[in-house]
**Student:** 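Handing you this structure, nothing more for now.
These numbers come from a predicted model, not from an experiment.
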Amino acid sequence: MLSNKHIQELELVMEFEKVEECFKEVSSWIENVGRKRLKETINLDDSLEMLLQAQKQFKEFDLVASEYCRRGQEALKKMDRWEDFSSVDVHSYRVKLQTYKDQLEEFCNKLDETRHRVCETVRLYEFFDKVRQTICCTEEGVKS
C-alpha cells in the first residue's frame, strides 16, 4: 500500500510539472498584463463618450483575461487530486498549487468586480444623460 501511495505521489508530481507550465504562463500574464490593465480602469472618465470608449477597451481586455482565467481554472481542476495527499514529499507542490490558486482567484474576482463596476457606471451615466436631455427639452418647451 505504501508503495502504491508513493507511485501515486510520483504520478502527481509528474502531472504537476506538466500543468505547471500553464500555471506559469497564466501567472505571468496576470502579473505583467492583467493587474496593470485592471488598475487602469480604476479611474473612469467623466463624460459618457469617454466612458463608452473605456468600456469598449475593457470588453476587449475582458475577453483575453477571461480566457486566461478559464485556462488557469482548468489547470487547477487537473490538480484536484492533490487534496488527498498530505505527505511531506508533495508539500512543496501543494504550496505552489495554493499560491497559483490564490492568485488566480483574486484576479478573477477583481475582473468580475471591475466588469460589474464598468457596466454599472455606464448605465448610470446613460441614465443621467437621458435626464439631462429631458431637462433641456423641457426647458426649451417652456421657453417657446
Side-chain angles (χ1 to χ4, degrees), residues 5-144:
K5 185 176 179 179
H6 285 298
I7 289 172
Q8 287 176 332
E9 288 175 357
L10 284 173
E11 288 171 351
L12 281 175
V13 169
M14 289 170 34
E15 185 177 346
F16 181 85
E17 289 172 356
K18 289 178 191 173
V19 176
E20 188 174 27
E21 282 305 310
C22 178
F23 289 141
K24 285 180 180 180
E25 182 183 340
V26 170
S27 178
S28 175
W29 185 88
I30 287 172
E31 291 300 317
N32 298 320
V33 178
R35 286 193 174 145
K36 291 175 185 175
R37 290 290 304 270
L38 282 179
K39 285 179 184 178
E40 291 172 4
T41 60
I42 288 175
N43 298 320
L44 297 171
D45 292 308
D46 291 339
S47 73
L48 181 57
E49 266 184 55
M50 295 299 288
L51 187 59
L52 290 172
Q53 180 64 29
Q55 182 186 36
K56 181 182 175 189
Q57 291 171 351
F58 177 78
K59 283 182 178 181
E60 292 168 4
F61 163 74
D62 188 27
L63 287 173
V64 174
S66 294
E67 177 62 21
Y68 275 96
C69 287
R70 184 192 62 75
R71 288 175 53 204
Q73 289 164 346
E74 284 179 2
L76 286 172
K77 281 182 184 175
K78 292 178 182 177
M79 298 283 93
D80 280 345
R81 297 184 340 183
W82 282 79
E83 302 301 321
D84 299 336
F85 291 91
S86 58
S87 78
V88 176
D89 297 335
V90 297
H91 179 73
S92 64
Y93 294 99
R94 291 182 76 203
V95 169
K96 282 184 183 181
L97 186 62
Q98 188 61 47
T99 301
Y100 289 130
K101 185 177 182 177
D102 292 346
Q103 179 194 39
L104 182 66
E105 188 175 300
E106 179 215 359
F107 178 77
C108 292
N109 287 339
K110 284 185 179 184
L111 181 64
D112 288 341
E113 291 169 7
T114 303
R115 184 184 307 117
H116 179 73
R117 185 174 52 82
V118 168
C119 181
E120 289 302 308
T121 304
V122 167
R123 286 181 48 198
L124 186 62
Y125 270 71
E126 287 173 337
F127 172 76
F128 284 133
D129 194 52
K130 287 179 185 177
V131 169
R132 185 183 54 77
Q133 289 174 1
T134 302
I135 290 171
C136 289
C137 291
T138 304
E139 287 175 354
E140 286 177 16
V142 170
K143 288 180 184 179
S144 303

**Student:** Would the distance check show the side chain of S66 and the main-chain N or O of L63 forming a donor-acceptor pair, the cut-off being under 3.5 Å?
**Tutor:**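 Looks like no, no N/O pair under 3.5 Å.
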**Student:** Can you list the steps and then say if L76 with L97 is a side chain to side chain contact (heavy atoms under 4.5 Å, CB included)?
**Tutor:** CA-CA 8 Å; L76 286 172; L97 186 62; 3.7 Å; yes
**Student:** Under the criterion side-chain contact (heavy atoms from CB on, under 4.5 Å), which of Q103, K36, E25 is the partner of I30?
**Tutor:**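 That would be Q103; it is the only one of Q103, K36, E25 passing the side-chain contact (heavy atoms from CB on, under 4.5 Å) with I30.
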**Student:** Salt bridge check: are E106 and K110 linked by an N-O gap of less than 4.0 Å?
**Tutor:**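 Between K110 and E106 there is a salt bridge, with a charged N closer than 4.0 Å to a carboxylate O.
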**Student:** Do the side chains of R37 and E40 get close enough for a salt bridge, i.e. N-O under 4.0 angstrom?
**Tutor:**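 Yes, R37 and E40 are salt-bridged.
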**Student:** Given K78 and C22, is the side chain to side chain contact (heavy atoms under 4.5 Å, CB included) satisfied, shown in steps?
**Tutor:** CA-CA 11 Å; K78 292 178 182 177; C22 178; over 6 Å; no
**Student:** Within this structure, what is the CG-OH distance for the pair L104 and Y68, rounded to the nearest 0.5 Å?
**Tutor:**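 Result: 13.0 Å between the selected atoms.
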**Student:** Could you pull out the closest heavy-atom pair between C69 and L111, with the gap in Å?
**Tutor:**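 For C69 versus L111, the nearest heavy atoms are SG-CD2, 4.2 Å.
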**Student:** F16 vs K96, test: side chain to side chain contact (heavy atoms under 4.5 Å, CB included). Steps then yes/no.
**Tutor:** CA-CA 10 Å; F16 181 85; K96 282 184 183 181; 3.8 Å; yes
**Student:** I need the minimum non-hydrogen distance between T121 and R117, along with the two atoms involved.
**Tutor:**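 Minimum heavy-atom contact is OG1-O, 2.7 Å.
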**Student:** Is R70 salt-bridged to E67, going by a charged N under 4.0 Å from an acidic O?
**Tutor:**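 E67 and R70: salt-bridged.
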**Student:** If we ignore hydrogens and angles and just use 3.5 Å, is the side chain of S28 paired with the main-chain N or O of K24 as donor and acceptor?
**Tutor:**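 The answer is no, because no donor-acceptor pair under 3.5 Å joins these two groups.
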**Student:** Quick one: salt bridge (Lys or Arg N to Asp or Glu O under 4.0 Å) pairs with a partner in residues 47-60, sequence neighbours left out?
**Tutor:**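 Qualifying pairs: none.
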**Student:** Suppose we screen for side chain to side chain donor-acceptor pair (under 3.5 Å). Which residues come up paired with Q53, at least two apart in sequence or across chains?
**Tutor:**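 Partners of Q53 by the side chain to side chain donor-acceptor pair (under 3.5 Å) criterion come out as none, since no residue qualifies.
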**Student:** Under 3.5 Å, sequence neighbours excluded: what are the donor-acceptor pairs made by side chains of residues 122-131?
**Tutor:**
residue	atom	partner	partner atom	Å
R123	NH1	E120	OE2	3.0
D129	OD1	R132	NH2	2.6
D129	OD2	Q133	NE2	3.2

**Student:** Fit a plane to each ring of F107 and F61, take the angle between them on a 0 to 90° scale, and name the class: parallel (under 30°), tilted (30 to 60°) or perpendicular (over 60°).
**Tutor:**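 Rings of F107 and F61: perpendicular, as their planes differ by over 60°.
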**Student:** Does one side chain, of E105 or N109, offer a donor that lies under 3.5 Å from an acceptor on the other?
**Tutor:**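 There is no such pair (donor and acceptor under 3.5 Å, judged by atom type) between the side chains of E105 and N109.
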**Student:** Could you report the tightest heavy-atom contact between R115 and F58, atom names first, then the distance?
**Tutor:**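 Reported closest heavy-atom pair: CA-CE2, 3.5 Å.
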